[in-house]
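Written below as structure tokens is the structure these notes are about.
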Amino acid sequence: MRLIYLSSQTTLLSFITSKSDDKTLDTKKEKSLLQKKPKSQEKSKNNESKEIVIDKMHVEYNPKNTPPCILLDVDYDGREEKAYLKLYDPENNRLYIWYDNTNHHPYCLTDIPKEEIERNKDITGHPSYLGAEEVVKFDLLNEKSITMTKILARDPLAIGGSRDAIREKLKNRAWEAHIPYRKSYIMDLNLVPGAFYKVKDGALLPVSLKVIEQKYMDILPYFEKEYKENIDLLHSFIELFFTEIPNLKRVAMDIEVLSPGLDIVPDPNKAEHPVIAVSFSAKDGPKEIHVLRRSDIPEGNISLPPEVDVIYYDNEKELIKTVFERIKNIPILITFNGDNFDLKYLYNRAIALGFSHSEIPITKGKDVMNLKFGVHIDLYPFFHNRSINVYAFSMAYKEASLDAISKAILGKGKVELDKEIFELDLKTLAYYCYMDSEITYELTSYNDDLVMKMIILIMRISKMTIIDVTRQNISAWIRNMIYYEHRRNGYLIPRPEDILREKGQTSTKAIIKGKKYMGAIVVSPKAGIHFNVVVVDFASLYPSLIKQWNLSYETIRCHHPECRENRIPKTNHWVCTKRKGLTSVIVGLLRDLRIKWFKPKSKDKSIPESQRSTFKVIGQVLKVFINATYGVFGSEHFPLYCPPLAESTAALGRYSIEETYKKAEEMGMIPLYGDTDSLFILNPTRAQIDDLIKWSTEYLGIDLEIDKVYKWVALSSRKKNYLGLLQDGSIDVKGLLGKKRNTPEFCKKTFKSILGVLQKVETRDEFESAKKKILKIIQESYNKLEASQYSLQDLAIKVQLSKSLKEYTKTTPQHVKAALLLEQNGKRVVPGQIVHYVKTVTPPGVKPVELAKLSEIDIAKYKDYLRTTLEQVLDALEIDFETVSGVSQISSWFD
DNA sequence: GCGGACTGCTTACCT
DNA sequence: ACAGGTAAGCAGTCCGCG
């Protein structure tokens, strides 16, 4: 490791954001900071001088010509009154900033005639008003062409977003007035963020970089036949997936700020305290830590990783200047929570220290911090995204903290500290700070850059920028994808009130109070141990139904009298027989691409491994979109919210599973249980299953598949509660208390050892001997509990706070009581935090683990806990708790 | 005044 | 801030009880 001391003045380039011709941000004026002599008296431990290698990124404005670049970002420049694109050339590490030269302007639509608008002084007198023109749109809700008036303005805020905006003047006669300008621009120019473009003679042109070889395209004719009415849609989507996914150069960053005291997180809006460390990490790029010396803090003597450079400063301003130089040369900056902390803090701190805006390479948005050159990806909102957690990472992490995510995904967490940040010696601080950025980087690089690939694919499918994709949720991705297809086809984008007025009614009653319509059905399980159970399920049931039944907001309850016969079973709804529904086609295509192409191809051994893994990622990303489409149409916040559409999908789901249940019985099979899209069938023959699958394809038009086969499955009398031994010898547990997060660890441990016994059981006889072993395990656990041998951590009940403490107004649950005690003792409690508490006798109630003693534990309450947890297992195994306790020497365990 | 029956709130799970 | 369905524990309320 080399230490570099630095505190002298450096000249920062002023950032140029004005237009004119090609402006190249040349970095040659910049002297290497590292060549400057150390001012500090101290000697470097290693005299060998090494240049820190950070490739300078070349930035060019308004390029005339460029090589193929990936489109990363689109935004509006207020000073230029133009949209601009950030195009990155990964080969040569060059960033091009291309300003719109197509004379595109912000606009909204209205049904008020053009002449009337032109007579309206209130609108034409708006300082930003540019003009009005007639456009013809197709109104899907009323199935007719209409002439609309397009009102153009110089500034997006003039359309919507300010008090005197044109959309406010139009009252309820404005359409497409809530679409952010950058998104509207992308749609109108038919751009695909994440795809390749080049500039030729100043004009922006798409570049096709196909990587899929012709020999893998064998299935295309099938798709072309099925989608002949939507061949453009098919080809555009296929192109997205068959275009090379480039490897993007990126650097992760993390900062530490001097906190004034225990448990006080510095406020990034005030930025009152000094930045004491900033680290950068990249696989093939810089690994640096910039550390501020403080008179009261020793340097320390831990050894840091040899590949890392530590640079010390005596002056915070100098530190920040150097950090800004680094940021200027980073095309993609990765942070964890940079929007709300790291970048916001640096920005505000720089302002507070007297930096001018032109010296700061960071831009501040309402909720997003971005870079002037390059783009900023904040991994926190991306990993926090529920769809990503569930479908891409199979719920690997339960809490969206850097520590929890990296532990779950990388197998290593943050550096554990036994002191507060402000107490650490400089080297320990440097190490801590560096490891955070290293982990952050690794979250994007692990598994062959999986996360980066996913982000690029989501950009291409949703047509959203890297900035928006990483910060917005699945509903925004789907909304934008559907809006884009509206614009491409000249369809008017309907307003929420238009859809609700035409379609907004449900006809079923939800089982759960407060829900809008009836959802899936769960078949009551036949309790007991069943051997040789085959589970069949429908592949992507809801998306399949949406495709099969032509479900879309414009086709459900359409206006044609003749379609009213085409009923959705057990609802008042019908669906159009004349027009193909747009969302039905889009979802159907994504579903077919996944099921008929990417899923099988990702398992095809004749395809090279790297190609297969790309197919696998594409399949995963498609799954995210497909699985959420039904849900968004049932969500009030979704602007295409269509209750009868969501209700019909669920109703058809119930119909499908009910018909299949009946058919299975008719065919002589014994269905034991089913949930939403699955059926558990007792010991069927291969032929029976094949017949059922064939029937489903022919009669329902939906693919039924074998999901899993149990050697035995123990169904309890409760729904969504069972365990079984799969053919591969693994135990499958669903819904039982033993796997819930809030169950104390000692219960889970006991539960797990019981599972260990059950895993070896294959026949009914073996269950008998297993019972004895299980009994012994329970007894041991019970004795340990009685003898207070479990630690507080083992006994802790871990419950997440879903909101801030003061929002619990109706009741005060136990974890809230414990959290209140924590707060009284000066500990910080935030929403999302998991509270660890134990049940106590003295005083009766609960205490957070931090404040409790083993002697205070209410052992009786824990006996109850152990009993209920294990009863669920024993219940499923047909072991009566009373019987077991009778066999035991202890006559009654749990009194 | 106290305990059981009941409802509602909250969390964590399943599909 | 993609849906609804199920289980469990506890908080709070009502009601009966001389």
Side-chain angles (χ1 to χ4, degrees), chain A residues 381 384-391 395 398 471-479 506 508-525 535 537-543 546 587 624-643 645-651 653-654 656-657 673-680 707 716-722 732-743 797-803 807-817 832 834-835 839 845-846 861 864-865 868-869 871-872 875:
Chain A
H384 193 70
N385 188 317
R386 207 168 167 265
S387 300
I388 293 297
N389 184 352
V390 174
Y391 298 116
M395 285 269 265
K398 310 232 157 154
R471 287 154 178 91
Q472 295 182 15
N473 282 323
I474 181 70
S475 65
W477 303 345
I478 292 176
R479 175 189 67 205
T506 54
T508 59
K509 198 176 172 304
I511 291 169
I512 307 169
K513 221 172 165 181
K515 300 285 184 189
K516 292 159 291 196
Y517 57 90
M518 193 187 286
I521 48 170
V522 187
V523 179
S524 286
V535 181
D537 75 348
F538 295 110
S540 308
L541 177 62
Y542 289 172
I546 289 172
V587 173
V624 173
F625 277 82
I626 294 161
N627 282 345
T629 326
Y630 147 73
V632 295
F633 283 104
S635 165
E636 303 99 311
H637 308 290
F638 188 61
L640 298 169
Y641 173 49
C642 186
L645 176 56
E647 181 179 41
S648 298
T649 313
R654 295 193 297 276
S656 307
I657 199 76
Y673 173 63
D675 186 347
T676 312
D677 61 357
S678 67
L679 275 185
F680 288 50
D707 176 29
S716 77
S717 52
R718 303 164 190 85
K719 294 171 175 179
K720 301 181 189 283
N721 247 274
Y722 59 90
D732 194 28
V733 182
K734 297 290 175 188
L736 301 186
L737 280 172
K739 73 179 284 191
K740 295 210 178 190
R741 179 172 67 192
N742 54 356
T743 301
I797 297 163
K798 291 169 255 179
V799 181
Q800 187 168 38
L801 285 166
S802 65
K803 49 194 175 189
E807 288 173 272
Y808 289 88
T809 50
K810 288 166 179 147
T811 57
T812 312
Q814 296 195 320
H815 67 296
V816 176
K817 288 199 173 97
I834 293 171
V835 181
K839 299 186 179 226
V846 295
K861 284 261 167 50
D864 279 347
Y865 235 117
T868 45
T869 306
E871 248 176 5
Q872 276 199 342
D875 184 43

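Per chain, numbering begins at 1; letters A, B, ... match sequence-line order. In this text, all values refer to a predicted model and were calculated from it rather than measured experimentally.
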Original post:
Between A/Y542 and A/A650, what is the shortest heavy-atom contact and its length?
Top reply: OH-CA, 4.2 Å
**OP:** Answer yes or no: does a side-chain N or O of A/Q872 lie under 4.0 Å from OP1 or OP2 of C/dA8?
**Re:** yes
**OP:** With heavy atoms under 4.0 Å as the rule, sort A/T629 into base, sugar-phosphate or nothing.
**Re:** nothing
**OP:** Could you check whether A/Y517 gets within reach of a base, just the sugar-phosphate, or nothing at all, counting any heavy atom under 4.0 Å?
**Re:** sugar-phosphate
Subject >> Minimum heavy-atom distance A/L679-A/I657, with the two atoms named >> reply: CG-CD1, 4.0 Å
Original post:
Closest to the A/Y630 side chain: C/dG5, B/dT15, C/dA3?
Top reply: C/dA3
Subject >> Side-chain heavy-atom pair A/F538, A/S656 within 4.5 angstrom cut-off >> reply: yes
Original post:
Hey, is the side chain of A/T649 poking within less than 4.0 Å of OP1 or OP2 on C/dA3, counting only N and O atoms?
Top reply: no
**OP:** Identify, between A/S387 and A/I511, the residue whose nearest nucleotide on DNA chain C lies closer to the 5' end.
**Re:** A/S387
Subject >> C1' atoms of C/dC2 and B/dC9, separation to the nearest Å >> reply: 23 Å
Original post:
Can you find a side chain N or O atom of A/S635 that sits less than 4.0 Å from OP1 or OP2 on C/dA1?
Top reply: no
Original post:
Hey, does the side chain of A/R654 come within less than 4.0 Å of C/dG4's phosphate (OP1/OP2), counting only N and O?
Top reply: no
Original post:
Can you find a side-chain donor-acceptor pair between A/Q872 and A/S716 that sits under 3.5 Å?
Top reply: no
**OP:** Using whole Å, report how far CG of A/D677 lies from P of C/dA3.
**Re:** 18 Å
Original post:
Between C/dA3 atom C1' and A/I626 atom CD1, what is the distance in whole Å?
Top reply: 17 Å
Original post:
Does atom NZ of A/K803 have more than 12 heavy-atom neighbours, drawn from other residues, nucleotides or ligands, at distances under 6.0 Å?
Top reply: yes
**OP:** Could you tell me the separation between the NZ atom of A/K839 and the C1' atom of C/dA11, rounded to a whole number of Å?
**Re:** 12 Å
Subject >> Sidechain-backbone polar pair: A/T743 side chain, A/L737 backbone, donor-acceptor under 3.5 Å >> reply: yes
**OP:** Estimate the overall bend of the helix from B/dG1-C/dC17 to B/dT15-C/dA3 from the end axes over five pairs each, rounded to 10 degrees.
**Re:** 10°
**OP:** Look only at the side chain of A/K739 and the backbone of A/V733, and say whether a donor-acceptor pair between them is shorter than 3.5 Å.
**Re:** yes
Original post:
Given atom CE of A/M518 and atom P of C/dG5, what is their separation to the nearest angstrom?
Top reply: 7 Å
Subject >> Smallest separation among heavy atoms of A/S717 and A/P525, with atom names >> reply: O-CG, 3.8 Å
Original post:
How would you label the contact of A/A646 with the nucleic acid (heavy atoms, under 4.0 Å): base, sugar-phosphate, or nothing?
Top reply: nothing
Original post:
Which part of the nucleic acid does A/S678 contact within heavy-atom distance under 4.0 Å: base, sugar-phosphate only, or nothing?
Top reply: nothing
**OP:** Starting from P on C/dA7, measure out to CD1 on A/I512 and report it in whole angstrom.
**Re:** 11 Å
Using a cutoff of under 3.5 Å, can you pull out all pairs of nitrogen or oxygen atoms linking the protein to nucleotides 7-14 of chain B, with atom names and distances?
residue: B/dG8; atom: OP1; partner: A/K513; partner atom: NZ; Å: 3.1
residue: B/dG8; atom: OP2; partner: A/K513; partner atom: NZ; Å: 3.3
residue: B/dT10; atom: OP1; partner: A/K803; partner atom: NZ; Å: 3.3
residue: B/dT11; atom: OP1; partner: A/S802; partner atom: N; Å: 3.4
residue: B/dT11; atom: OP1; partner: A/S802; partner atom: OG; Å: 3.2
residue: B/dT11; atom: OP1; partner: A/Y808; partner atom: OH; Å: 2.4
residue: B/dT11; atom: OP1; partner: A/H815; partner atom: NE2; Å: 3.2
residue: B/dT11; atom: OP2; partner: A/S802; partner atom: OG; Å: 2.6
residue: B/dA12; atom: OP1; partner: A/R741; partner atom: NE; Å: 3.3
residue: B/dA12; atom: OP1; partner: A/R741; partner atom: NH2; Å: 2.6
residue: B/dA12; atom: OP1; partner: A/Q800; partner atom: N; Å: 3.0
residue: B/dA12; atom: OP2; partner: A/R741; partner atom: NH2; Å: 3.0
residue: B/dC13; atom: OP1; partner: A/R741; partner atom: N; Å: 2.9
residue: B/dC14; atom: OP1; partner: A/G735; partner atom: N; Å: 3.0
residue: B/dC14; atom: OP1; partner: A/K739; partner atom: NZ; Å: 3.2
residue: B/dC14; atom: O2; partner: A/K720; partner atom: NZ; Å: 2.8

Subject >> Between C1' of C/dG9 and CD1 of A/I797, the distance in whole Å >> reply: 10 Å
Subject >> Salt-bridge contact A/K720-A/D675 (side-chain N to carboxylate O under 4.0 Å) >> reply: yes
Subject >> A/Y865 to A/N742 - nearest heavy-atom pair and separation >> reply: OH-O, 3.9 Å
Original post:
So what does A/G519 touch, heavy atoms closer than 4.0 Å: a base, only the sugar-phosphate, or nothing?
Top reply: sugar-phosphate
Subject >> A/V522 vs A/V632, nearer the 5' end of DNA chain C by closest nucleotide >> reply: A/V632
Subject >> Phosphate OP1/OP2 of C/dC2: any A/S475 side-chain N/O under 4.0 Å >> reply: yes
Subject >> Whether A/Y673 side chain and A/V522 backbone form a donor-acceptor pair below 3.5 Å >> reply: no
**OP:** Take atom CD of A/E871 and atom C1' of C/dA8, then tell me their distance rounded to the nearest Å.
**Re:** 13 Å
Subject >> d(CG, A/L737; P, C/dT6) in whole Å >> reply: 18 Å
